[in-house]
4 protein chains.
Amino acid sequence: MARGVNKVILVGNVGGDPETRYLPNGNAVTNISIATSDSWNDKQTGQRQERTEWHRVVFFGKLAEIAGEYLRKGSQVYVEGRLQTRKWQGQDGQDRYTTEVIVDIGGQMQMLGSRNDDGGNRPPAARQSPPRENRPAPAAAQRQAPEPPPAADYDSFDDDIPF
Amino acid sequence: MARGVNKVILVGNVGGDPETRYLPNGNAVTNISIATSDSWNDKQTGQRQERTEWHRVVFFGKLAEIAGEYLRKGSQVYVEGRLQTRKWQGQDGQDRYTTEVIVDIGGQMQMLGSRNDDGGNRPPAARQSPPRENRPAPAAAQRQAPEPPPAADYDSFDDDIPF
Amino acid sequence: MARGVNKVILVGNVGGDPETRYLPNGNAVTNISIATSDSWNDKQTGQRQERTEWHRVVFFGKLAEIAGEYLRKGSQVYVEGRLQTRKWQGQDGQDRYTTEVIVDIGGQMQMLGSRNDDGGNRPPAARQSPPRENRPAPAAAQRQAPEPPPAADYDSFDDDIPF
Amino acid sequence: MARGVNKVILVGNVGGDPETRYLPNGNAVTNISIATSDSWNDKQTGQRQERTEWHRVVFFGKLAEIAGEYLRKGSQVYVEGRLQTRKWQGQDGQDRYTTEVIVDIGGQMQMLGSRNDDGGNRPPAARQSPPRENRPAPAAAQRQAPEPPPAADYDSFDDDIPF
DNA sequence: TTTT
DNA sequence: TTTT
C-alpha cells in the first residue's frame with residue numbers, strides 16, 4: 001500500500017557495465033548509471049546546447065539479475081522506479097545525501113533496440129557473481145574524483161521491505 | 001528536443017509553505033518539499049512499517065507563480081517534472097550534490113482535493129513578491145542542522161534554457 | 001515479463017458509483033468511468049473552451065475490492081494501468097471495439113483528497129457482494145442510447161493471466 | 001490548463017509505415033499503430049503465453065512531421081500522449097467509438113535504438129506529402145477486415161485547440 | 001517538514 | 001456520468 005505516488009521513468013544509455021553484488025540472504029543488487037540528455041538552441045548565441053543528466057539506478061531482486069546479465073556500457077534502456085535519498089558519512093564525518101532511482105517489485109526494466117546496439121554479438125555476462133569489494137567511482141564522477149557514496153548497506157534487505 | 005526521457009511523477013503532501021523568489025529577468029522560481037509515503041507489514045515483527053520520502057521540487061516560470069500562490073503546507077499535489085542534480089560547495093570546500101525535481105515547460109502541476117483540504121477558506125497568498133534575499137535554511141535541515149544546499153543560482157535563467 | 005511498455009496514468013473524477021462483480025473463481029472486477037478535462041482559450045472567439053474525456057477503467061483483484069468499497073461518484077482518484085482493447089459483437093452482428101484502462105497487479109490506485117470530498121461522512125460501502133446479474137447500461141450510453149459494450153467475459157480470469 | 005491528468009506512455013514497435021496528411025492550415029497529422037506485448041507462463045498448461053496490444057497513435061504538429069519522416073514499419077519508439085475517444089458513423093449509420101493516443105504539444109516521441117534497427121541504412125522518407133485519400137485498413141485489423149474508422153476530421157485544427 |  |  002502507499003499513500004502517494006513516487007515514480008521515475010527514464011530512457012537513456014548506461015554509462016558503464018553494471019555492478020552486481022549479493023546480499024547475505026542471496027538477493028541480488030545491481031547498480032548502473034543512466035545518462036539522459038536534452039538539447040536546445042541557445043537564444044543568445046544561437047548555438048546548439050546540450051546537457052546530460054546522470055542518474056544512479058539500483059535494481060533489486062529478479063530485475064537486478066537481469067540487469068546485471070544483459071545490460072552493458074552503452075545499452076539503451078527503459079527504467080521505471082522510485083526516488084529514494086539515503087544518507088551516508090563522508091570521510092570527514094559530514095553527512096552526505098545521495099538520491100537514487102530504486103527499481104524493484106513495482107518497477108520495470110526494458111532493454112531497447114533490437115540487438116546489442118553497442119557490442120554486436122557479445123554474449124551476456126556469465127551468471128556468476130563475485131561480490132566486488134571495491135566499487136570504482138562511477139563514470140560520471142571521474143572528472144575530478146569527488147568522494148563517491150558507498151554502496152548502500154542493504155543487508156537487512158527482505159522481501160517484506162519494499163525497496 | 002531530447003535524446004532520452006527523464007520524467008518524475010509525484011503525488012504527495014507539501015511539507016511547508018512554498019518559497020518563491022524572482023530572478024533578475026523577472027521569472028519566478030518556487031521551491032517546495034513533497035512527502036510521499038509507503039507502508040507495509042514487516043514480515044519479521046508483523047508490525048506495520050512506514051517510510052516517508054522527501055522530494056525537493058523546483059518550479060519555474062508560470063507554474064512557479066501558481067505554485068507559490070496556491071500551494072500551502074499540507075496541500076496534496078500532483079507534480080510532473082524531471083530529475084536534475086546540481087553541485088554546490090560546502091563550507092568545507094567539498095563538493096556536494098543535490099537532486100531536485102524540476103518542473104517547468106513540459107512539466108505539470110495539479111492541486112488535488114476539491115477544496116483547500118488543509119486550511120479551510122484561507123485565501124491564496126497575496127500576489128506580490130519581495131525577492132527574499134536571505135533564504136532561510138529549509139525545514140528539512142533543522143533537526144540536526146546538516147549543511148543545506150544553497151538556493152541554486154539561476155540568474156542566467158532564460159526561456160532558452162530548458163530548466 | 002513484457003516486451004514493451006503500456007502505461008496509462010489518470011487523475012480525475014469518478015462519474016458514478018463503482019460496479020463490482022465477482023468471477024466464478026471469486027476474484028472481484030470493478031468498473032468505473034473517470035473524467036479528465038482540459039480547458040483553454042479559443043484563439044478565434046477568445047472564449048474559454050473545455051473538453052472532458054471519459055475513460056473506462058476496470059480493476060481486478062485486490063484493487064477491485066478497494067475501488068468498489070471506497071470510490072464513489074465524484075471521488076477524485078489517481079489510477080495507473082494499461083490500455084486494452086477488446087472486441088465484442090453488436091446486436092447487428094458487427095464487430096465493435098472498446099478500449100479500457102486495466103488496473104491489476106502492476107497498476108496502482110490512490111484516492112485523493114484528505115476526506116470524502118463528495119459525500120461528507122458517508123461510510124464506505126458495506127463489504128458484501130451480491131453478483132449483479134443484470135448490469136445496467138452504463139450512464140454514458142443513456143443520452144441517445146448507443147449500444148453499450150457488454151461487460152467483458154472474464155470468467156477465465158486467473159492469476160496466471162496478467163489482466 | 002487542465003483539471004486532471006490524462007497520460008499514456010508506450011514503448012513498442014510500429015506496425016506499418018506512418019501515414020501523414022496535411023490539414024488545410026498546413027499542419028501535419030501522422031497516424032501509426034504501435035504494438036506492445038506481454039508474455040507470461042500459463043499456470044494451467046505451463047506454456048508460455050503472449051498477448052499483443054495494438055495502439056492507434058496520432059501525432060500533430062512538429063512531431064507529426066518528425067514521425068512521418070523517421071519512423072518506419074518495425075521502428076521501436078517511445079511515445080507519450082493522452083487518450084482521446086472520438087465518435088464516427090459506420091456505413092450502417094450506427095455510432096462507433098475509437099480510442100486513440102494523441103501526441104501533440106505536451107507529448108513526446110523518441111526513436112529508440114542507435115540506428116535504424118529495421119531497415120539498415122535506408123534514408124528517411126522524402127519530405128513531401130501527397131494526402132492519401134484512401135487510408136488502408138490498419139495492419140492490426142487486416143485479419144478479417146472489420147470496418148476501419150475514418151481518419152478524423154481535424155480541419156478545424158488550430159494551435160488554440162489542445163489536441 | 002506532509003499526510004492517513 | 002465527474003469536477004472547477
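Sequence lines set the chain letters: A, B, ... in the order given, protein chains first and strands last, and positions in each chain run from 1. Computed from a prediction, not measured in an experiment: that's the story for all the values here.
Side-chain contact annotation: B:Ser39 with B:Arg48, donor-acceptor N/O pair under 3.5 Å present.
In this structure, C:Trp54 places its CH2 atom 6 Å from P of F:dT2, rounding to the nearest Å. When rounded to the nearest whole Å, the span between CZ of C:Arg48 and P of F:dT4 equals 16 Å. Atoms NZ (B:Lys73) and P (E:dT2) sit 5 Å apart, rounded to a whole Å. The CZ-C1' distance, from C:Arg56 to F:dT2, rounds to 15 Å in whole Å. The distance from atom CG of A:Asn6 to atom P of E:dT3 is 18 Å, rounded to the nearest whole Å. The nearest whole Å value for the distance from the CG atom in C:Asn31 to the P atom in F:dT1 is 17 Å. Atoms CD (B:Glu19) and P (E:dT1) sit 14 Å apart, rounded to a whole Å. If you measure from atom CD of C:Gln49 to atom C1' of F:dT4, you get 16 Å, rounded to the nearest angstrom.
Checking E:dT1, F:dT3, E:dT2 against the side-chain heavy atoms of B:Ala35 singles out E:dT2 as nearest.
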D:Glu80 vs B:Lys7, test: salt bridge (charged side-chain N to carboxylate O under 4.0 Å, His left out). Steps then yes/no. CA-CA 11 Å; D:Glu80 182 182 331; B:Lys7 184 169 292 293; 3.1 Å; yes
Go through C:Thr99 and C:Arg56 one step at a time and tell me if the side chain to side chain contact (heavy atoms under 4.5 Å, CB included) criterion holds. CA-CA 8 Å; C:Thr99 299; C:Arg56 292 174 178 273; over 6 Å; no
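Residue C:Thr36 is classed as having no contact, given no heavy-atom separation below 4.0 Å to the nucleic acid.
A donor-acceptor pair under 3.5 Å is absent between the side-chain atoms of D:Asp104 and the main chain of D:Phe60, judged by distance alone.
Residue side chain B:Thr52 reaches the base of E:dT2 through a donor-acceptor N/O pair under 3.5 Å, judged by distance alone.
Remark on DNA chain F: of its neighbouring residues C:Glu50 and C:His55, the 5'-side contact belongs to C:His55, judged by nearest-heavy-atom nucleotide.
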